[in-house]
Structures are given as structure tokens and as C-alpha cells.
Amino acid sequence: MDTSKIVGEKIKSLRESQSISIEQLADRSGLAVEQIERIENNIDLPSLAPLIKIARVLGVRLGTFLDDHDETGPAICRKTESKDTISFSNNAIQSRKHMEYHSLSKSKADRHMEPFIIDVAATEDNDFVLSTHEGEEFIMVMEGIMEISYGKNTYLLEEGDSIYYDSIVPHHVHAYEGKAAKILAVIYTPI
């Protein structure tokens, strides 16, 4: 099941329940009104950075947009359950779908981290736009080679390598030389 359609609907529902107009959300998040409208109407697949900005304005965790449930104890994700995906773009205009996120914590309520297995699609696109958002990220390469642009530096990570960084520094994560890869990523964003 591709759950990417639920993100826009949840944002719109949360925004309306808090009596926040699209214009107010745009102003407070630093995003364009048109961008929010396209996200809410499931026209655009947003990257994580605008989703995190929207979550902060609405006072919710990133996971609220993905698949919030109410398990307060430990959340177990069986291999068959991680097949559900949500897709995000890579901030490149011509690329509509760059990564497929398999949530590993969708049943955990009140979580502060978002762990994912991410399938990184092969692409010929090499026009990457660095993004920033509050929080931290941990990435471990499971298959392939990843290239991490972080500030003025670029790091190549091979299978088994990992990186942990502050997300406020401009960054972009993509497969090296456009070849497909798979990573484990844990994203922390403060509310």
C-alpha cells in the first residue's frame, strides 16, 4: 500500500482543526502558499525538510503525517509490515520520486525518532538541492553506495558504513553515481 496520499490529507486536517489558514501556515513555516496547497492536494511529493517545518508549526511530530497509532509499549515491526511505503521527492524539480520510506515504528505513539528502511531509486539526476531542518539524522548503508553532501563536504558511504549528523547543516542524501541503494535511517526532529 502506498501511503503517500495520506500525508496531504493529514496536514490539511490538522491545519483546519487548529483554525490555521494556508497563508498562516506558509508564513510560519517559510514555505510558499502554492507549495502547501500542492502538498495538501497530494499533487507534490514533498521532501522531508518542508514536512518537518509544517510539523513544527502544527506542533506535531513528523510521524503524525505518516502513520500515527497509539501503541504505548514497544513497537515491533515485522518484515512483512515494513513493505508499506511512503515516497518523498529529492527537492529536484524534474524528479517526482526519489526515495521510498518503509516505516519501522508506525505503531509507536509519542515517539521522538523516526526509523526507516529507505529504498533509494536509481536516477540520472545530479542537480541536488541541499536542505536544512532542525534535528539529527543517522544513516547506515545496507546496500550500494551513498553520497552525502553535508555543508561544504561530500562523503561516500559503502555497505556497512554509517553517518550521524546535525540536520540544521545543509545536506542531501543520494545514491552514488545514480545507482540504486538501500539505507537504514533514523531521523530525530524536536517538536
TODO: Just do the salt bridge (Lys or Arg N to Asp or Glu O under 4.0 Å) check on Lys53 and Glu134 with the steps written out, would you?
DONE: CA-CA 8 Å; Lys53 291 175 182 176; Glu134 291 187 60; over 6 Å; no
Open item on the list: Run Phe116 and His102 through ring-ring contact (aromatic ring centres under 6.0 Å, His included) and show every step you take.
Closed with: CA-CA 5 Å; Phe116 300 100; His102 306 268; 9.4 Å; no
Task: Worked verdict on Arg15 versus Leu25 for side chain to side chain contact (heavy atoms under 4.5 Å, CB included) - done: CA-CA 8 Å; Arg15 179 181 59 75; Leu25 181 57; 3.7 Å; yes
- [ ] Please step through side chain to side chain contact (heavy atoms under 4.5 Å, CB included) for the pair His171 and His133, ending with a clear verdict.
- [x] CA-CA 9 Å; His171 62 281; His133 54 86; 3.7 Å; yes
Open item on the list: One pair to check against side chain to side chain contact (heavy atoms under 4.5 Å, CB included): Val120 and Lys182. What are the steps and the verdict?
Closed with: CA-CA 6 Å; Val120 183; Lys182 181 180 284 194; over 6 Å; no
TODO: Output, in order, the C-alpha distance, side-chain angles, deciding distance and verdict of side chain to side chain contact (heavy atoms under 4.5 Å, CB included) for Ile139 and Ser162.
DONE: CA-CA 5 Å; Ile139 294 171; Ser162 64; over 6 Å; no
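No more than 12 heavy atoms of other residues, nucleotides or ligands lie within 6.0 Å of CE in Met113, so this atom counts as exposed by the packing criterion. For CD of Glu158, the number of neighbouring non-hydrogen atoms (other residues, nucleotides, ligands) closer than 6.0 Å is 12 at most.
Nearest heavy atoms, Ser149 versus Leu130: CB-CD2, 3.6 Å. Minimum interatomic distance between Gly144 and Ala181 (heavy atoms only, all atoms of both residues): CA-CB, 4.2 Å. The two residues Glu143 and Glu159 come nearest to each other via the heavy atoms CA-OE1, 4.0 Å.
Side-chain atoms of Ser17 come within 3.5 Å of backbone N or O of Leu14 as a donor-acceptor pair. For Asn41 (side chain) and Glu37 (main-chain N/O), a donor-acceptor pair under 3.5 Å exists by modelled atom type.
Between Ile118 and Val173 the shortest side-chain heavy-atom distance does not fall below 4.5 Å. When side chains are defined from C-beta on, Asp161 does not count as touching Met140, because their heavy atoms never get closer than 4.5 Å. Counting heavy atoms from C-beta outward, Lys12 and Lys10 have side chains that stay 4.5 Å or more apart. Two residues are said to be in side-chain contact when any heavy atoms from C-beta on lie closer than 4.5 Å; Glu40 and Ile22 meet this criterion. For the pair Thr132 and Val169, the minimum side-chain heavy-atom distance is 4.5 Å or more. Looking only at side-chain heavy atoms (C-beta outward), Glu136 and Tyr165 stay at 4.5 Å or farther from each other.
Aromatic rings from Tyr188 and His112 are positioned such that their centres are separated by 6.0 Å or more.
Criterion: ILVMFWY side-chain heavy atoms under 4.5 Å apart, direct or through other members. Under it, Val57 and Ile168 are part of a common hydrophobic cluster. No continuous path of ILVMFWY side-chain contacts below 4.5 Å connects Val129 to Tyr176, so the two sit in separate hydrophobic clusters. Clustering ILVMFWY residues whenever any of their side-chain heavy atoms sit less than 4.5 angstrom apart, transitively, puts Ile145 in a cluster other than the one holding Val141.
Taking CD1 of Ile39 as the start and CG of Leu51 as the end, the distance is 6.0 Å to the nearest 0.5 Å. Interatomic distance, CD1 of Ile163 versus CD1 of Ile148, reported as 5.5 Å (0.5 Å rounding). How far CD1 of Ile183 is from CG of Asp119: 9.5 Å, rounded to the nearest 0.5 Å. We find the OG1-CD distance between Thr189 and Glu114 to be 6.5 Å, quoted to the nearest 0.5 Å. Rounding to the nearest 0.5 Å places CG of Leu104 at 7.0 Å from CG of Leu184. Atom OG of Ser29 and atom CD1 of Ile52 lie 12.5 Å apart (nearest 0.5 Å).
Counted by atom type alone, Ser167 and Glu137 present one or more donor-acceptor pairs between their side chains at under 3.5 Å.
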